2 protein chains.
Amino acid sequence: MVTIKDIARDVGVSPSTVSRALSGSPLISDETGKRVRMAAQRLGYERNELARALVKGSSEAIGLIIPDITNTFFADIARGVGEVADAAGYGVILCNTNGSIDREASYIRLLRRKQVDGLILATATLNDPSTRSLSQTETPFILVSRICQDVDTSYVIGDDRAGARLAVEHLIGLGHRSIGFIGGPANVQSSRDRRATYRKVLRQHGLSADAAWVCYADFTQTAGREAGRRMLSLENRPTAIFAANDVTALGVLEAADELGLSVPEDLSLVGYDDISYASLPRIQLTTVSQPTFEMGRLATEWLLSVLSSGDTIPLYRVLEPHLVVRSTTTHPGTDD
Amino acid sequence: MVTIKDIARDVGVSPSTVSRALSGSPLISDETGKRVRMAAQRLGYERNELARALVKGSSEAIGLIIPDITNTFFADIARGVGEVADAAGYGVILCNTNGSIDREASYIRLLRRKQVDGLILATATLNDPSTRSLSQTETPFILVSRICQDVDTSYVIGDDRAGARLAVEHLIGLGHRSIGFIGGPANVQSSRDRRATYRKVLRQHGLSADAAWVCYADFTQTAGREAGRRMLSLENRPTAIFAANDVTALGVLEAADELGLSVPEDLSLVGYDDISYASLPRIQLTTVSQPTFEMGRLATEWLLSVLSSGDTIPLYRVLEPHLVVRSTTTHPGTDD
DNA sequence: TTGTATGCGTTATCAG
DNA sequence: CTGATAACGCATACAA
């Protein structure tokens, strides 16, 4: 490894001069500056960011923790984060917990030990000990897409109540009176909000849901398929299902096909997120769209501004969703 | 930030003793060890990995560079990498180039400056200056999924020729005689291999392809849709298309639907990769499956073994693909 | 404009 | 078993 000492020796100046020249300090003669830069180039010098971070007290890196990298919803958030971090010269360390709360905790510890300047979490849950303990540290962080109600932190999320209302009212507006709900993990706030709103809207319209029409899955396709199979095998199956995210909805679609039910003729289906696959011609999933990429952008912009300004003005940002009506929803069948 | 000095002061020993105790050195009395660990716990000490890496000359982190994080193919590779890196206590810094060769180069430089111990690239192209210059450095690295023919490096890839052969012979076996090909970027080796094999297999079966039946896209859905639209609007459109990856195939599916062509009745379609969405009931894409997750695992295992052993025995691993026949392929229509 | 000295937090060497 | 001391590569306050 070639260091500033090597360059110093080569050029015949002191290491500090090299350091200054390379970081573009104004108090270096053009002559010296040029010679140093040329030597650096020639010797193939690359600055050791570790050493630099150690003395500057800042690594110019942020951590991003997501629950499921194969869900394009989170991949899109990551793209948003990457775009603005990149532009600011910050590195981002992306960690994927696969939904494990233990991994989340250990990643947070690892990232803090690696001295990231800040953290973005897309993995927050209710009573999340990780989020809580993070809030006791100096490390600035922000939650994206999922919040932790009981801890006061900055966040950028979608309006889940509004989104769920759009979904359910769309189904009711089509004439459905028996509507099922397949949610996400019970300890995810947005999951609960969508469920609570689902219940509330039904009630407001004088409808009620059979106990078997409401269940929690875990935001994966497999869980959606299984929940869908159960629910659609019921004697009194619902004529419509609101799935708490698109991946789950895709699983329900799978279950419906297996059971020989046509969508939307026999079953109307609404998802949530509007991931790219929802718009595939063969899928054409009616869904609630969230500005995913934008969430990543906004969260990162806030974090970087905190890092550069030093003062932490909290950000509580709730983005509006909108309904995208495609082909998986229609009026309930005549046999209803 | 609490450092070993703080602990040393608290316990009344020297910093070196604290360092030893915390890293589980055997030459520390049980008594001292216990007191140090308790103090560390109480004060909320977290080791500064930057400082540690600086002196140890190893950051215990590796870099992973992928071209498209929203393509689950690469997301799965990343999962494989993460799994084995995690288990070994290594951190992984994931970078997404969005297909830009410039970003690839700058990420490589950034990661090297951050002193990653090794690199995994899923972004290699033909005559890739990044790969070439990397091979001149000390940093161990391995290519995954995409190789760079003109540089001698370790790699873990799929057998693209075998895979393409499976795809094309499947179509020919079904009776297709006019088969189109929509490839990936021209500077990606696997792209070229699939295309070359496509041509070769056609020739071996006494078939030829109209010039308009062969084109390069860029492995995205949008490009697939556009290429599909063009190709399927031809007077003498092919009765089957081999798309060089699933995402492209999904785009072709979109184009077919827009043009009112039924798949597989009017058009047989084969993809490549077998990403999770290919098996959706509404999609049921016939495709060539690659052991994606395994690629990530194997590449990482090799890299970590190089890092721990010190000697670089190259790895040239070619994984066998297999054909998954689903519902997007059938015999050509009678109007053919 | 440049050089010297010091420190960032940790580990390692060498005495004791 | 423990404590000074040096070193990792870089940046900066202070001197010159």
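Just so you know, these numbers come straight off a predicted model, no measurement behind them. We name chains A, B, ... by the order of the sequence lines, and we start the count at 1 in each one.
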*With sugar-phosphate meaning primed atoms plus P, OP1 and OP2, does B/Leu27 contact a base, only sugar-phosphate, or nothing at under 4.0 Å between heavy atoms?*
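Here B/Leu27 touches the bases of the nucleic acid.
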*Assign B/Ser29 to base, sugar-phosphate, or nothing according to its heavy-atom contacts below 4.0 angstrom with the strands shown.*
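Sugar-phosphate only.
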*Considering all heavy atoms of both residues, which atom of B/Ile4 and which atom of B/Pro15 are nearest to each other, and what is their separation?*
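B/Ile4 and B/Pro15 have their closest heavy atoms at CD1-O, 3.9 Å.
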*Applying ring pair (Phe, Tyr, Trp, His ring centres under 6.0 Å), name anything that partners B/Tyr316, two or more places apart in sequence or on another chain.*
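Listed in chain order: B/Tyr155.
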Calculate the interatomic distance between [X] atom [atom1] and [N] atom [atom2]; express it in whole Å.
X: A/Gln115; N: C/dG9; atom1: CD; atom2: C1'; result: 9 Å
X: A/Leu54; N: C/dT11; atom1: CG; atom2: P; result: 12 Å
X: B/Arg35; N: D/dT2; atom1: CZ; atom2: C1'; result: 13 Å
X: B/Met1; N: C/dG9; atom1: CE; atom2: P; result: 6 Å
X: A/Leu50; N: D/dC8; atom1: CG; atom2: P; result: 15 Å
X: A/Arg112; N: C/dG9; atom1: CZ; atom2: C1'; result: 16 Å
X: B/Ile28; N: C/dA12; atom1: CD1; atom2: P; result: 13 Å

*Give a yes or no on whether A/Arg103 atom CZ has more than 12 heavy-atom contacts from other residues, nucleotides or ligands under 6.0 Å away.*
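More than 12 heavy atoms, drawn from other residues, nucleotides or ligands, come within 6.0 Å of this atom.
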*Is A/Arg113 atom CZ crowded by more than 12 heavy atoms from other residues, nucleotides or ligands, each under 6.0 Å away?*
yes
*For B/Ser19 and B/Ser16, does a side-chain donor sit closer than 3.5 Å to a side-chain acceptor?*
no
Give every donor-acceptor pair under 3.5 Å between a side-chain atom in residues 31-43 of chain B and any protein atom, sequence neighbours left out.
unit_1  : atom_1 : unit_2  : atom_2 : d
B/Thr32 : OG1    : B/Ser29 : OG     : 2.6
B/Arg35 : NH2    : B/Val11 : O      : 2.8
B/Arg42 : NH2    : B/Asp10 : OD1    : 2.9

Grab the N/O contacts between the protein and nucleotides 10-12 of chain D below 3.5 Å, and write none if there aren't any.
unit_1 : atom_1 : unit_2  : atom_2 : d
D/dC10 : OP1    : A/Tyr45 : OH     : 2.5
D/dC10 : OP1    : A/Asn48 : N      : 3.2
D/dC10 : OP2    : A/Ile4  : N      : 2.8
D/dA11 : OP1    : A/Arg52 : NE     : 2.8
D/dA11 : OP2    : A/Ser19 : OG     : 2.8

